[in-house]
Amino acid sequence: MFSLNGSSTRNNPLYGVSKSLTQSAQKHKSAPPLVVAAVSSNARPRDGNVLAVENTLKEMTANPPSTSSSGIAKDSSSSVAGGVEDVYGEDTATEDQFITPWTVSVASGYPLLRDPRYNKGLAFSDKERDAHFLRGLLPPEVISQDLQVKKMMHNMRQYQVPLQRYMAMMDLQERNERLFYKLLIDNVEELLPVVYTPTVGEACQKYGSIFRQPQGLFISLKEKGKILEVLKNWPEKKIQVIVVTDGERILGLGDLGCQGMGIPVGKLSLYTALGGIRPSACLPVTIDVGTNNEQLLHDEFYIGLRRKRATGQEYAELMDEFMSAVKQNYGEKVLIQFEDFANHNAFDLLEKYGSTHLVFNDDIQGTASVVLAGLMAALNLVAGTLAEHRFLFLGAGEAGTGIAELIALEMSKQTGAPLEETRKKIWLVDSKGLIVRSRMDSLQHFKRPWAHEHEPVKNLLDAVKAIRPTVLIGSSGAGRTFTKEVVEAMASYNEKPVILALSNPTSQSECTAEEAYKWSQGRAIFASGSPFAPVEYNGKLYASGQANNAYIFPGFGLGLIISGAIRVHDDMLLAASEALATQVSQENLNNGLIYPPFANIRKISAHIAARVAAKAYELGLATRLPQPRNLVEYAESCMYSPNYHNYR
Ligand SMILES: NC(=O)C1=CN([C@@H]2O[C@H](COP(=O)(O)OP(=O)(O)OC[C@H]3O[C@@H](n4cnc5c(N)ncnc54)[C@H](OP(=O)(O)O)[C@@H]3O)[C@@H](O)[C@H]2O)C=CC1
Ligand SMILES: CC(=O)C(=O)O
Ligand SMILES: [Mg+2]
């Protein structure tokens, strides 16, 4: 890499390059602006010459707005193209145009090969190898990105152990970001279980021992009073989405402390691969306030603070400092997604920051939206309207009560009945049994709306017998709790029992796909949080869907970003559910699927984004004006593409 402050100008690209860029900018009239902001937004002190050159580059590369097919002028400073301001010009460049691989200066030579954003490995052309001082640093063969994908998939399939695949994917992400996303997008059904549930669960459990390269931002109690400075240490300045966890409820695996970082990293890689948000606009954060996991506290490889979890004021102050610093550093419209917090904090954080920040709790809200979508689709297979069904949940935490509330809201909208009435169609069981009125005084606040009049019922099987639900939903984090008796009881009351085993990872699933089909004699309409392979029963193959919030949050976030939404509203969740449900084809339904295949997820995300954005405009919560005429096209046009660009 060239030194910006070096005394020699011989190799300084800011001399040669500024001239050639001027020529290039003239030659490629529609060529994008260059990565000047990456330099100019750097908070560290720089010398005056650099600033002067940056300003020249800024003027030189200013990009006139072009009009897209969606009928809206794409303004590179509008913070929307590709989900963020198009300072790098990578979204507007077509594949035959050239962009400059900027870091602080033009990256070249060895540092270029070590820069995951710009590295292309053997796909660097001969011309690029000459222009960027790569000769001799690579073997002579030049290969295409497609061949790289083929080779990586071949290598990936050699690993028998899922965690090895996960590590190979993380290494690739750190080595060649575009190839990582190309691989993930082109092979989403095969690789989702690797970078996401179930494998990410095991990765978090073993995060300390497999730790190689830090990913994301670790904010611990040690950083109290300095969180704004810590945010400024992150190399990217234009952040649009933050996924943050404090590691206390990682999937159904409990408190994994600082090792929960695998979750924000995984979720954000899905934001990019599934929702098209540019990777540089995504920030994974883990708030480390300690852990109550004794095993981790005594694990010599543990990477987090070795202390019990902070609670009360100490916890609240750290979170408050974080939330303020985020707003100060990235502005009002950065989306903060809370992920895998324990429920005693999750509901309060959502409530507390819901009116001051753009916050979204994936476990409460994203899960609710995905399950409602599945139920809307399932109504094509079972008779009746939503309000004509009876729902029973095992698990009355974030996921369970979040889903229950959204179902009740949708029923209320459909029937005009008050929410207090529609809630009565929904029953929840927690670790102490059915939630009933007589338990009211000892219930956490989020369970109280579900405390209906009924005699106490101690266990799930008795609750199934008492309530006779048409839909059974597992959101307990407790594996194998939908026993043979429970599924058989469901099948005895319903021609087609709807059974959703949402808990992750696979080990925590309330039942397996095989159990659901076998114990219901092939009649269950089944979906699960983590994927199951198709099951053969009585000579017929049953494929089940994946009821996972990964269907919703990437498109939902994209919708918020492209509309410049300032707040999340429940009606946006309903809009996202409808958008997802309409993507389930008759063919999917004929195969018993209530979710569309993940293979089409980018198209699905664009539809979800469009519906969410439309709702934001309708509710007056959108700030990106004027509203694009065709929101689906607009959403698609904003999506990050992982294909390589040619370097000047
Ligand atoms: N598929 C998806 O997209 C998603 C799946 N999930 C999964 O859902 C699960 C729960 O998550 P979340 O709601 O956030 O967790 P919470 O801790 O908030 O809630 C868990 C609930 O399950 C109850 N519970 C635990 N064990 C049992 C048991 N043996 N019998 C009956 N009830 C039990 C708890 O009871 P009590 O209150 O009495 O302690 C609590 O009500 C996790 O496994 C998570 O991975 C979560 C979000 C999305
Ligand atoms: C999928 C998800 O968000 C969870 O299991 O927590
Ligand atoms: Mg989660």
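Every heavy atom of this structure was used, including side-chain atoms; hydrogens, water molecules and symmetry mates were not. Order of listing sets the numbers, starting from 1, for every ligand and every atom in it.
- Within the 4.0 Å heavy-atom cutoff, T197 does not count among the residues contacting ligand 2.
- Using a 4.0 Å cut-off to heavy atoms of K447, the atoms of ligand 1 that qualify are 36 (P), 37 (O), 38 (O).
- Atoms of ligand 1 found under 4.0 Å from any heavy atom of R249, numbered from 1 in the order shown, are 11 (O), 12 (P), 14 (O), 15 (O), 44 (C), 46 (C).
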Exercise. List the steps, then state whether ring pair (Phe, Tyr, Trp, His ring centres under 6.0 Å) holds for F553 with F556.
Key: CA-CA 5 Å; F553 70 79; F556 193 85; 9.9 Å; no

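- Both the backbone and the side chain of A399 come within 4.0 Å of ligand 1, counting heavy atoms alone.
- Angle OD1(D363) to the Mg ion (ligand 3) to OE2(E339): 100° [nearest 10 degrees].
- Counting protein heavy atoms only, atom 3 (O) of ligand 1 is closest to N549 N, 2.9 Å.
- Cation-pi contact between R390 and W427: absent, since separation from the ring centre below 6.0 Å together with deviation from the ring axis within 45° is not met.
- Residue T367 touches ligand 1 through its side chain alone, judged by heavy-atom distances below 4.0 Å.
- Close contacts of ligand 1 with G252, meaning ligand atoms under 4.0 Å from a residue heavy atom, involve 42 (C), 43 (O), 45 (O).
- Proximity to Y196 (heavy-atom distance under 4.0 Å) selects the following atoms of ligand 2: 1 (C).
- By the 3.5 Å distance cut-off applied to N or O atoms, R249 is counted among the residues near ligand 2.
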